[in-house]
2 protein chains.
Amino acid sequence: MVSVMTEIDIHTQILEAAEARFQQYGYNKTTMAEISRDCDMSAANLYRYFENKLDIAAAISQQCLDEKELVLASVVHDASLSASEKLEGFVLEVLHYTYNHFDVSPKLSELVEAMSAHRPDMVAKHIGSKLKLLSELVEQGQKSGEFQLESVSETADGILTAIMLFYYPLTLKMFPLEVLEVKATNLCRLLLAGLTAR
Amino acid sequence: MVSVMTEIDIHTQILEAAEARFQQYGYNKTTMAEISRDCDMSAANLYRYFENKLDIAAAISQQCLDEKELVLASVVHDASLSASEKLEGFVLEVLHYTYNHFDVSPKLSELVEAMSAHRPDMVAKHIGSKLKLLSELVEQGQKSGEFQLESVSETADGILTAIMLFYYPLTLKMFPLEVLEVKATNLCRLLLAGLTAR
DNA sequence: ACGCTGAATATTCAATTAAATATTCAGCGT
DNA sequence: ACGCTGAATATTTAATTGAATATTCAGCGT
């Protein structure tokens, strides 16, 4: 039992050390030796807890995505918001989350690159989660009579397609945040005009 | 007069030779020597007609964008289409145009990269043109009573934001064409639901 | 036996240099 | 003088190799 506890601790210890390094120096520039040193162990010992460096990055990235999904879920499940407010909150949350991530610690984009290249399933799963959340949101709006639409899944897919722009760092660097916020707001108004029952 | 004619011919001769090379081997791999050889002249002589290699690429890219804008304009100005049909045509045209470009001759993406990196104004101008076309489309729909909306410019901006996805080669390679077409259709339905007067 | 390490090996990265290419220019033929 | 070229120069790309890093593994201490 004690050994199990210890293993879990070491896992998280490694992840925390690695995350700090990735954040400050980026995925590519941090070495297994540095991570192991931060944990007072040999580099070889890291491999008793993770298959390889990419798996460490994947675990950290997964935490990140889980956290993001949690934030978005809290918007979708916030009982104090109307469906329209939820949609706008969802879109702005996506924009701000992505924007802050690449503004505060641009080094983390290396993690995105690595996962996109070597763990495409993870990215696909995340997209699926967001699609599910949007479906919930749309269905709630429909059930409450606030929205009026033909197909929940097609509508959710359409919304996700429309907000894809806010996931691309390239685009996000083309405009200042205020402009992006205006674009997000314009887009929401457009979408809501079609969804809202009249 | 004869010399002027000749100069124009040489210009187009160079552009055609370069375009063929760029299409087959890509921008990066074609050399000024090869282009000049195709035109039966020295490499030095190319510089009497274009400042540098990038300018040749820019001229070709501009032709390409002009052509694309012409196609989109023909959709917007097609009197036989309703405003809704124009919007759907516009979106599908963008999708197909981009898709075919990178499917038929993926090497041309090197031109896009080069222009994005070194001629950002060109890209911005093209976005502006599309925004103008969408504004026309929206305004026509409003004038005819088919659409009902608050602001033409904000609506056009929202639509352009929503269809940005269809400009990114990365995204286009994530899904097969049929899936993209479904996404485009879903998106159009969503947008039109909000625009169409009821 | 378990959890770890140091040293060995395999892979990746980075600095160096050689080669290819872009660009310039003095001067040739008309 | 005009339109062009070959050769010279500047810049970029590609190949090489040495160093750094990831990964493996035999074996040590408990």
Side-chain angles (χ1 to χ4, degrees), chain A residues 1-15 17-22 24-61 107 109-111 113-119, chain B residues 1-15 17-22 24-61 107 109-111 113-119:
Chain A
M1 189 162 48
V2 170
S3 76
V4 170
M5 279 294 292
T6 305
E7 274 206 7
I8 291 175
D9 279 350
I10 292 179
H11 258 274
T12 63
Q13 183 191 14
I14 292 171
L15 289 179
E19 186 172 6
R21 289 270 174 190
F22 291 165
Q24 187 161 12
Y25 306 106
Y27 173 72
N28 297 316
K29 288 287 182 190
T30 82
T31 70
M32 294 296 269
E34 288 166 344
I35 297 172
S36 70
R37 215 178 301 135
D38 291 346
C39 298
D40 294 311
M41 62 178 70
S42 71
N45 200 39
L46 293 176
Y47 291 86
R48 296 184 17 86
Y49 299 92
F50 294 93
E51 288 270 330
N52 49 45
K53 185 181 170 185
L54 191 68
D55 271 12
I56 296 178
I60 291 171
S61 300
K107 300 283 186 185
S109 69
E110 289 178 24
L111 284 188
E113 278 174 49
M115 295 304 111
S116 299
H118 304 296
R119 292 280 189 283
Chain B
M1 188 162 51
V2 168
S3 76
V4 170
M5 279 294 292
T6 304
E7 274 208 7
I8 290 176
D9 280 349
I10 292 180
H11 258 274
T12 65
Q13 183 189 14
I14 292 171
L15 289 179
E19 185 170 8
R21 289 271 174 188
F22 291 165
Q24 187 162 11
Y25 306 106
Y27 173 72
N28 298 317
K29 288 285 182 192
T30 83
T31 70
M32 294 296 267
E34 288 165 344
I35 297 172
S36 69
R37 215 177 302 136
D38 292 346
C39 298
D40 296 310
M41 62 179 68
S42 70
N45 200 39
L46 293 176
Y47 291 86
R48 294 183 22 84
Y49 299 92
F50 293 93
E51 289 270 329
N52 48 44
K53 185 179 170 187
L54 192 66
D55 271 13
I56 296 179
I60 292 171
S61 301
K107 299 284 187 185
S109 67
E110 288 177 24
L111 283 188
E113 278 173 48
M115 292 306 111
S116 299
H118 304 296
R119 293 281 189 282

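Every chain is numbered from 1, with letters handed out A, B, ... down the list of sequences.
Within the structure, a side-chain polar atom (N or O) of A:Tyr49 is placed less than 4.0 Å from OP1 or OP2 of C:dC4. Contact between the side-chain N/O atoms of A:Lys29 and the OP1/OP2 oxygens of C:dA14 is found at a separation under 4.0 Å.
For A:Met32, the side-chain atoms get nearest to D:dT23 when compared with the rest of C:dC4, C:dT23, D:dT23. Ranking D:dA22, D:dT5, C:dC4 by closeness to the A:Ile10 side chain, first place goes to C:dC4. Relative to the side chain of B:Ala44, the nucleotides C:dC25, D:dT23, D:dC4 differ in distance, and C:dC25 lies closest. For B:Lys53, the listed nucleotide lying nearest its side chain is C:dT23; candidates were D:dG3, C:dT5, C:dT23. If you check D:dT23, D:dT5, C:dG3 against the side chain of A:Ala43, the one that comes closest is D:dT23.
What separates CD1 of B:Ile14 from C1' of D:dC4 is a distance of 12 Å, to the nearest Å. If you measure from atom OH of A:Tyr27 to atom C1' of C:dT12, you get 12 Å, rounded to the nearest angstrom. Between A:Asn28 atom CG and C:dT11 atom C1' the separation is 15 Å, expressed in whole Å. Remark: P of C:dA22 and NE2 of B:His118 are 14 Å apart, rounded to the nearest angstrom. What separates CG of B:Leu54 from P of C:dT21 is a distance of 18 Å, to the nearest Å. In this entry the distance linking CZ of B:Arg48 with C1' of D:dA1 reads 12 Å, nearest Å. Residue B:Ile35 contributes atom CD1, which lies 10 Å from atom P of C:dT23 at whole-angstrom precision. Atom CD of B:Glu110 and atom C1' of D:dT13 are 14 Å apart (whole Å).
For the residue pair A:Tyr25 and A:Thr30, the shortest heavy atom distance occurs at CB-CG2, 3.9 Å. Across A:Glu19 and A:Ile60, no two heavy atoms sit closer than the pair N-CD1, 3.5 Å.
Remark: B:Ser116 OG to B:Leu111 CG distance equals 10.5 Å, nearest 0.5 Å. The CG atom of B:Leu46 lies 5.0 Å from the OG atom of B:Ser36; values are rounded to the nearest 0.5 Å. Between the CG atom of A:Asp9 and the CD1 atom of A:Ile14 there is a distance of 11.0 Å, given to the nearest 0.5 Å.
Using a 4.0 Å heavy-atom criterion, one finds that B:Thr30 contacts the sugar-phosphate atoms exclusively. B:Ser42 comes within 4.0 angstrom of a base, heavy atoms only. Within the nucleic acid shown, A:Asn52 comes within 4.0 Å of sugar-phosphate atoms alone, with no base atom in reach, counting heavy atoms only.
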Report the C-alpha separation of A:Arg119 and A:Asp55 in whole Å, then their side-chain angles, then the decisive distance to 0.1 Å, and conclude whether the side-chain contact (heavy atoms from CB on, under 4.5 Å) test is met. CA-CA 10 Å; A:Arg119 292 280 189 283; A:Asp55 271 12; 2.3 Å; yes
Run the numbers on B:Leu54 and B:Tyr27 for side-chain contact (heavy atoms from CB on, under 4.5 Å), then give the verdict. CA-CA 9 Å; B:Leu54 192 66; B:Tyr27 173 72; 3.6 Å; yes
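Using a 4.5 Å heavy-atom threshold, the side chains of B:Gln13 and B:Met41 count as touching.
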Secondary structure string for DNA chain D (Watson-Crick or G-U under 3.5 angstrom, | for other-strand pairs): ||||||||||||||||||||||||||||||
